[in-house]
Amino acid sequence: MANTISAIRDARIPDLAIGTVLRGGRRQKVVEVVYRGQPGFLKIFAGREAAGRFSSSVDSHRIAADLLGAGRNRSVELLSVFPAHYAFVSAAASGTPMRQFLLASSRPERARLVHRSGEWLQALTRNREPIPLQAWKLCAWLDDLAAMPEYHRQVERGLLRRAMDQVVTLARALHGSTVEGSFSHGDFHPENLFVDRGTAGLVVTAIDLETPETIPVVGDIAKMLTWLEVDDDHGTSDEGGISGCYRWPMLAAMGVLPDSDRRALHFRIGVSLTQMYLTRGSRTPRNRRNIERALGAWLASDHPRLDG
């Protein structure tokens, strides 16, 4: 399958002008393009699972567009798809990446932005149904990561072991329990949201939706909260590993979670922090320091306040 940048150039797709390569990883490549006179981004899926990941992403963007429409909560528009290359072109999202807004904002402004991201997720996941929590699958995933030596050369082995043990303990208690499931983003974090100050308030547009399947909503909540915490050098990690200035605005926007979802959220925060410790914690001292602060607080929270 011709799913490389050079192959797409050679295909001479009408009205597609290839620009700067922004990401050239083994699993996906992102290129600035102009398509039919409109600036956008070409995303090419690579690797053994390229076909499935391409199909899932295209389906996800189309479902999100149908659910959200063109109001204050949006998903990026797909301009064209190229199945022969496992690639699509999306429009450029309006506004600024949410992470840039957050880094330049005061704490009250951050709280408003976090609440706004929660409103976006609430709008996307409003059609929910009960599903079983597949907790053991997440444990197996973490075990696979921990077995890769490049992911834990710099981390503190004792902290990692305690986190892994606690995740297993919680999985044993929660596996198969009922949680709220919905079509959701699948990779919900500040770099996948764009914020634009429109006349009707903050317009939030999401990029890089991943899966059309029904998944636990708390998974995306946990991912956003852990990203926010780890990206904050002055975070307090006071509410089960997450600073209250992030937790409470997010949960206020999402509405009251059932008891089982509150327990599952605590579990998923631990999974996400442990995963980030293995992957991002091995890269820079800053990441490692912030993750260790949050992970230590999560481990100390036997009975965290999980209600919004």
Side-chain angles (χ1 to χ4, degrees), residues 131-181 187-189 215-232 235-248 250-251 254 257-283 285-308:
I131 62 171
L133 180 67
Q134 300 296 324
W136 286 121
K137 285 186 177 181
L138 295 168
C139 291
W141 174 59
L142 287 180
D143 282 340
D144 288 344
L145 286 179
M148 302 174 70
E150 66 270 25
Y151 277 160
H152 58 78
R153 288 175 181 160
Q154 304 298 323
V155 301
E156 201 277 295
R157 298 294 183 90
L159 178 62
L160 176 62
R161 186 69 267 162
R162 292 197 302 276
M164 298 280 285
D165 288 347
Q166 182 65 359
V167 165
V168 169
T169 297
L170 292 172
R172 187 176 293 116
L174 295 174
H175 182 76
S177 61
T178 299
V179 295
E180 290 189 332
D187 194 22
F188 189 57
H189 60 74
I215 60 176
V217 176
V218 293
D220 268 346
I221 298 174
K223 183 118 184 208
M224 175 62 79
L225 290 175
T226 51
W227 265 72
L228 292 166
E229 188 67 29
V230 170
D231 214 22
D232 187 348
T236 57
S237 304
D238 51 352
E239 300 286 349
I242 305 297
S243 299
C245 64
Y246 301 131
R247 177 186 291 272
W248 302 125
M250 173 63 68
L251 294 184
M254 294 300 299
L257 296 178
D259 288 345
S260 59
D261 284 68
R262 293 199 292 270
R263 292 189 292 270
L265 176 60
H266 181 62
F267 168 69
R268 290 300 299 260
I269 287 171
V271 169
S272 186
L273 285 172
T274 305
Q275 177 263 326
M276 293 177 83
Y277 196 39
L278 285 164
T279 55
R280 296 176 64 185
S282 62
R283 296 177 190 170
R286 174 184 179 267
N287 285 342
R288 194 156 54 250
R289 181 177 61 251
N290 291 350
I291 297 169
E292 287 174 351
R293 178 199 70 220
L295 199 51
W298 178 79
L299 283 167
S301 302
D302 293 331
H303 302 286
R305 294 172 56 202
L306 295 175
D307 52 321

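Note that this is a predicted model, so its numbers are computed, not measured. Values below: all heavy atoms of this structure, side chains included; hydrogens, waters and symmetry mates excluded.
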Taking all non-hydrogen atoms of both residues into account, name the closest pair between Gly241 and Ala297 and its distance.
CA-CB, 3.9 Å
Least distance between heavy atoms, Leu133 atom then Pro216 atom:
CD1-CG, 4.3 Å
Between CE on residue Met250 and CD1 on residue Ile242, distance to nearest 0.5 Å
10.5 Å
A side-chain contact here means heavy atoms from C-beta on lying under 4.5 Å apart; do Val155 and Ile291 qualify?
no
If you look at every heavy atom in Leu174 and Arg263, which pair is closest and at what distance?
CD1-O, 3.7 Å
With a 4.5 Å cut-off on side-chain heavy atoms, are Leu251 and Leu257 touching?
yes
Quick one: pull up CE in Met254 and CD1 in Ile221 and give me the separation to the nearest 0.5 Å.
4.0 Å
Distance in Å, Leu278 CG paired with Met164 CE, rounded so as to fall on 0.5 Å steps
6.5 Å
Show your working on side chain to side chain contact (heavy atoms under 4.5 Å, CB included) between Val230 and Leu273 and close with a plain yes or no.
CA-CA 9 Å; Val230 170; Leu273 285 172; 4.1 Å; yes
For residues Tyr246 and Leu225, report the shortest heavy-atom separation together with the two atoms involved.
O-CD2, 3.5 Å
Any sub-3.5 Å donor-acceptor pair from Trp298's side-chain atoms to Phe267's backbone N or O?
no
Please identify which of these residues, Thr226, Val271, Asn287, Leu295, meets the side chain to side chain contact (heavy atoms under 4.5 Å, CB included) condition with Met276.
Thr226
Flag the pair Asp238 / Ser243 as yes when at least one side-chain heavy-atom distance between them is below 4.5 Å, and no otherwise.
yes
Minimum heavy-atom separation for Gly240 to Ser301, with atom names?
CA-OG, 3.2 Å
How long is the straight-line distance from CD of Glu239 back to CD of Glu229, given to the nearest 0.5 Å?
10.5 Å
For the residue pair Arg247 and Ile269, establish whether any side-chain heavy-atom pair is separated by less than 4.5 Å.
yes
Please work out whether the ring planes of Trp227 and His189 are parallel, tilted or perpendicular, with thresholds of 30° and 60°.
parallel
Pairwise distance CZ(Arg172) to CH2(Trp136) - rounded to 0.5 angstrom
4.5 Å
Straight-line distance of Asp261 CG to Thr178 OG1, nearest 0.5 Å
9.5 Å
Quick one: are Leu145 and Thr274 in side-chain contact, heavy atoms under 4.5 Å?
no
When you measure from the side chain of Arg161 to the backbone of Glu156, do you find a donor-acceptor pair of N or O atoms at a distance under 3.5 Å?
no
What is the minimum heavy-atom distance between Ala264 and Val218, and which atoms define it?
CB-CG2, 4.1 Å
